[in-house]
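This is a predicted model, so every value here is computed, not measured. Residue numbering restarts at 1 for every chain, and letters A, B, ... go by the order of the sequence lines. Basis for what follows: all heavy atoms, side chains included, without hydrogens, waters or symmetry-related copies.
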2 protein chains.
Amino acid sequence: MARPDHRRLILETLQKQEQPISAQALFAQLRQQGQTIGLATVYRILSHLRREGLLCCHGQPEGEILYSLAEHHYHYLTCIRCRRMIRLPACPWQEWEKTLKFPEPFQVLYHELQLFGLCHLCQGLPKEVGGSKTPLQ
Amino acid sequence: MARPDHRRLILETLQKQEQPISAQALFAQLRQQGQTIGLATVYRILSHLRREGLLCCHGQPEGEILYSLAEHHYHYLTCIRCRRMIRLPACPWQEWEKTLKFPEPFQVLYHELQLFGLCHLCQGLPKEVGGSKTPLQ
DNA sequence: AATTGAGCGAGAACGATTATCATTATCTTG
DNA sequence: CAAGATAATGATAATCGTTCTCGCTCAATT
């Protein structure tokens, strides 16, 4: 049987995502599409893409890592209530970089900016009672 | 026997740290000091402090979560080679916030900025060969 | 056809975190 | 001060995301 091109598969799936996605969720999504792919392969390929600089990794305060393609480098507003991630239109880093002073020489290779808070849908809602999901930061 | 004030103990230990510290490392440090404290208690108290907004949580790209006191809110330059974290003198967020435009109304409650790269000590060194530690993002 | 090597999937192993539970200290109330 | 209620604790088990291991398969090469 011909071997499916898993790397392309994962790249295409990442391209479709509107939000960064976890490795587990990516795996589940591929399986639901009927693909026969192993979890190990997903991690393997993500690791490759990572080393090639094709991926942005967003380490969440809860420990999970979310991935998105680096071809368009984005930052997100993350709602701590509904977990929605809203993409910022542009990365402000290049502007900001000029104004920053480092305490010692340092070569910045990449950066991560995450903004947490309440989206407009969740701002009016009453406070969560049960405390089910992982809370804030 | 009188119950030790673990909460204060953890707060004081966090205060002494020059860099954000993981829960496991915090636990080990307390035990080495001769304290009889359980790992579960460390996590419990960290979780409390977190909900009270006393802690900054730095989710690393490798999944581990590092903690630091929020009383002085800092950002760090993280060297991807030696893992050293260098504190920035000030948080530039309040200045930057003015220049950002959100695609929809959003109430920012807290933020995280991490800069990854090479510190001045590691810039001149030859490239790592073995690839032992977890690499870059 | 035989050989070699890279990629694969299933499951074990691992590390960080969270949940469970019996025990114990502290607090309340009488 | 006694007695029951409450909250905190530590050891351990369970969970979850990630990485490792290993036998297998496919494809290129000889």
TODO: Go through D:dG17, C:dC8, D:dG10 for me and flag the one nearest to the A:E64 side chain.
DONE: D:dG17

TODO: Return the value, rounded to whole Å, for the distance between atom CD of A:Q35 and atom C1' of C:dC8.
DONE: 14 Å

Task: A:L39 vs A:R44, nearer the 5' end of DNA chain D by closest nucleotide - done: A:L39

- [ ] Would you kindly check if the NZ (Lys) or CZ (Arg) of A:R87 is within the cone defined by 45 degrees around the ring axis of A:Y76 and under 6.0 Å from the six-membered ring centre?
- [x] no

Open item on the list: Applying a 4.0 Å non-hydrogen cut-off, can you work out what A:Q24 is touching in the nucleic acid: base, sugar-phosphate, or nothing?
Closed with: base

- [ ] Rounded to the nearest angstrom, tell me the gap between atom CG in A:L46 and atom C1' in C:dC8.
- [x] 15 Å

TODO: For B:R31, answer base if it contacts any base atom (sugar-phosphate contacts may also be present), sugar-phosphate if it contacts only those atoms, and nothing otherwise; contact means non-hydrogen atoms under 4.0 Å.
DONE: sugar-phosphate

- [ ] Look at atom CD of B:E104 and say whether more than 12 heavy atoms of other residues, nucleotides or ligands are closer to it than 6.0 Å.
- [x] yes

Run the side-chain donor-acceptor check on residues 88-96 of chain B: report pairs under 3.5 Å with partners two or more places apart or on a different chain.
from  : atom 1 : to    : atom 2 : distance (Å)
B:E95 : OE2    : B:K98 : NZ     : 3.3

- [ ] Quickly work out the A:Q60 CD to D:dC16 C1' distance and round it to whole Å.
- [x] 15 Å

Task: Separation of atom CD1 in B:I45 from atom P in D:dA7, rounded to whole Å - done: 16 Å

TODO: Check salt bridge (charged side-chain N to carboxylate O under 4.0 Å, His left out) between A:K16 and all other residues, then give those that pass, not counting sequence neighbours.
DONE: none

TODO: Whole angstrom is fine here: how far is it from CZ in A:R50 over to C1' in D:dG17?
DONE: 12 Å

Open item on the list: In whole Å, I'd like the distance from the OH atom of B:Y43 to the P atom of D:dA14.
Closed with: 18 Å

- [ ] Please state how far atom CZ in B:R7 lies from atom P in D:dA8, giving the value in whole angstrom units.
- [x] 11 Å

TODO: Check every atom of D:dG10, C:dA10, D:dG17 against the side chain of A:A40 and return the nucleotide holding the closest atom.
DONE: C:dA10

Task: Distance in angstrom units between B:H48 NE2 and D:dA8 P, rounded - done: 7 Å

Open item on the list: Quick check on C:dC8: is either OP1 or OP2 less than 4.0 Å from any side-chain nitrogen or oxygen of A:T41?
Closed with: no

